[in-house]
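Take a look at the structure below.
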There are 2 protein chains.
Amino acid sequence: MNIGHAAEASGLPAKTIRYYEEIGLVRPSRAANGYRDFGEGEISRLSFLAQARSLGFTLEECRRLLELYSDEGRASREVRTLAQGHLEAVRERIAELGRLAQTLEALIDRCPGDDSPHCAILDELTGDARR
Amino acid sequence: MNIGHAAEASGLPAKTIRYYEEIGLVRPSRAANGYRDFGEGEISRLSFLAQARSLGFTLEECRRLLELYSDEGRASREVRTLAQGHLEAVRERIAELGRLAQTLEALIDRCPGDDSPHCAILDELTGDARR
DNA sequence: ATGGTCCTTCCAGCCGCTGGAAGGTCAAGC
DNA sequence: GCTTGACCTTCCAGCGGCTGGAAGGACCAT
């Protein structure tokens with residue numbers, strides 16, 4: 001299976017697959033003509049990566065997840081802990097963005113949004129927010 | 001005012017200030033010895049940038065905000081629109097991360113997290129989620 | 001033989017910095 | 001006057017995770 005088909009099968013762009021090979025996440029064999037040749041196992045890894053990435057795991061987390069995936073003797077605790085950590089990071093990010101959104105909302109509310117130059121948003125940015 | 005003091009005054013690292021100069025967000029003059037020399041105006045711009053960045057505006061948005069800031073004839077509508085767009089982007093990101101968190105939570109709940117190798121998270125990633 | 005579609009490698013760029021190397025400048029203390 | 005140390009300068013490289021493009025080889029159908 002060459003890279004084009006692997007891309008179609010896994011849902012990842014060919015460019016991304018080459019990149020994943022470069023950083024050692026997949027190791028396709030090579031055909032006589034130099035083309036990459038993806039077997040079942042490699043396709044599985046690629047699909048796995050596509051899924052894990054879509055859940056927001058970093059590539060390093062993906063690397064660890066792949067290790068656990070191919071380790072029959074893994075403890076599910078390890079997977080869970082990894083996922084928990086990621087979830088925690090996502091939640092923190094959400095909280096951070098939530099505070100941001102609130103601040104922005106408040107500022108937008110106080111900006112007239114008309115032809116006049118006065119604007120609470122600029123006031124905040126310049127530190128003229130008092131008054 | 002040299003870059004070290006400008007950094008202290010604005011709250012931005014000196015490296016960042018140099019970078020901002022490189023991309024044309026600030027234009028400090030130079031002293032005879034080649035050192036950057038920041039006047040009041042430049043310090044204001046740096047503080048403005050620090051604030052705007054902390055509200056999550058991209059550097060391109062910051063550039064536009066600085067333009068509006070120094071345009072006495074601006075219409076506050078323009079600032080508001082820019083901020084609205086940014087807020088919208090933040091909200092979308094929050095929604096996206098919220099969906100992510102929910103999915104992760106559900107998966108984590110279904111993973112025993114013990115010594116056994118079976119794990120709903122890995123099942124999801126491999127596409128074995130049915131059953 | 002020709003054309004079109006694949007594949008290969010390599011290099012560069014996105015964003016917003018950040019680190020480090022190599023060297024110039026300045027102020028204080030001996 | 002000389003050294004030390006803290007500043008400053010430029011330049012280059014790297015982070016994550018790709019993405020685009022150029023230049024050239026391979027394959028397949030006509």
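A note on names: the letters A, B, ... follow the listed sequences, proteins ahead of strands, and every chain is numbered from 1.
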> So which heavy atom on B:Ala101 is nearest to which on A:Ile94, and how close?
Replying inline: CB-CD1, 4.3 Å
> Partners of B:Asp71 by salt bridge (Lys or Arg N to Asp or Glu O under 4.0 Å), sequence neighbours excluded?
Replying inline: none
> In Å and rounded to the nearest 0.5 Å, what is the SG to CG distance from B:Cys111 to B:Leu122?
Replying inline: 7.5 Å
> Taking protein heavy atoms under 4.0 Å as touching, what does nucleotides 19-24 of chain D look like 5' to 3' if B marks base contact, S marks sugar-phosphate-only contact and - marks none?
Replying inline: SBB---
> Hey, can you pull the residues of residues 26-34 of chain B with a non-hydrogen atom under 4.0 angstrom from DNA chain D?
Replying inline: B:Arg30, B:Gly34
>> Testing the basics here: between B:Ala14 and B:Ala7, what is the closest heavy-atom pair and its distance to 0.1 Å?
In response: N-CB, 3.9 Å
>> Output the rounded distance in Å from OH (A:Tyr20) to C1' (D:dG17).
In response: 7 Å
> Which pairs pass salt bridge (Lys or Arg N to Asp or Glu O under 4.0 Å) with one or both residues in residues 55-65 of chain A, sequence neighbours excluded?
Replying inline: A:Glu60-A:Arg63, A:Arg64-A:Glu67, A:Arg64-A:Glu78
Let me check something: any side-chain donor-acceptor pairs from residues 47-54 of chain A under 3.5 Å, sequence neighbours excluded? List them with distances.
from	atom 1	to	atom 2	distance (Å)
A:Ser47	OG	A:Ile43	O	3.0
A:Arg53	NH1	A:Phe57	O	2.5
A:Ser54	OG	A:Gln51	O	2.7

>> Can you tell whether the side chains of B:Glu21 and B:Arg30 come within less than 4.0 Å, N to carboxylate O?
In response: yes
> Can you tell me how far C1' of D:dT9 sits from CD of B:Glu22, to the nearest Å?
Replying inline: 14 Å
> Expressed in angstrom and rounded to an integer, what is the separation of A:Tyr35 atom OH from C:dC6 atom P?
Replying inline: 11 Å
>> Using 0.5 Å steps for rounding, measure from the CZ atom of B:Arg45 to the OG1 atom of A:Thr126.
In response: 13.0 Å
>> Tell me the interatomic distance from A:Met1, atom CE, to C:dC6, atom P, rounded to whole angstroms.
In response: 15 Å
> Which is it for B:Arg80 and A:Ile108 under the side chain to side chain contact (heavy atoms under 4.5 Å, CB included) test, yes or no, and what are the steps along the way?
Replying inline: CA-CA 6 Å; B:Arg80 211 183 122 113; A:Ile108 289 169; 3.9 Å; yes
>> Distance check needed: D:dC7 P versus B:Ile3 CD1, whole Å only.
In response: 13 Å
> Is there a residue in residues 38-60 of chain B whose heavy atoms reach under 4.0 Å of DNA chain C, and which residues are they?
Replying inline: B:Arg53, B:Thr58, B:Leu59
>> Please enumerate all residues that pass side-chain hydrogen bond (donor to acceptor under 3.5 Å, both in side chains) together with A:Thr103, with sequence neighbours excluded.
In response: none
> So which of residues 61-70 of chain B are in contact with DNA chain C, with a heavy-atom cut-off of under 4.0 Å?
Replying inline: none
If you look only at distance, which donor and acceptor atoms sit under 3.5 Å apart when one is on a side chain in residues 85-92 of chain B and the other is two or more places apart or in another chain?
from	atom 1	to	atom 2	distance (Å)
B:His86	NE2	B:Leu55	O	2.8
B:His86	NE2	B:Gly56	O	3.4
B:Arg91	NH2	A:Glu105	OE1	3.3

> Which pairs count as ring-ring contact (aromatic ring centres under 6.0 Å, His included) when at least one residue sits in residues 19-44 of chain A, sequence neighbours excluded?
Replying inline: none
> C:dT9, C:dC7, D:dC18: which one has an atom nearest the side-chain heavy atoms of A:Asn2?
Replying inline: C:dC7
>> To the closest 0.5 Å, what do you measure between CZ (A:Arg77) and CG (A:Leu68)?
In response: 12.0 Å
> Does B:Glu96 have any salt bridge (Lys or Arg N to Asp or Glu O under 4.0 Å) partners at least two apart in sequence or in another chain, and if so, which?
Replying inline: B:Arg93
> Can you list the steps and then say if A:Arg36 with A:Asn2 is a side chain to side chain contact (heavy atoms under 4.5 Å, CB included)?
Replying inline: CA-CA 6 Å; A:Arg36 285 168 185 83; A:Asn2 62 23; over 6 Å; no
> To the nearest Å, how far apart are A:His5 NE2 and D:dC27 C1'?
Replying inline: 13 Å
> Separation of B:Leu12 atom CG from C:dG16 atom C1', in whole Å?
Replying inline: 12 Å
>> Can you list, in residue-number order, the parts of residues 81-101 of chain A that come under 4.0 Å of DNA chain C, counting heavy atoms only?
In response: none
> A:Arg36 has an atom CZ; how far is it from atom P of D:dG25, in whole Å?
Replying inline: 17 Å
> Are B:Val26 and B:Leu46 close enough, and set up right, to give a side chain to side chain contact (heavy atoms under 4.5 Å, CB included), and what steps lead you there?
Replying inline: CA-CA 7 Å; B:Val26 282; B:Leu46 288 173; 3.7 Å; yes
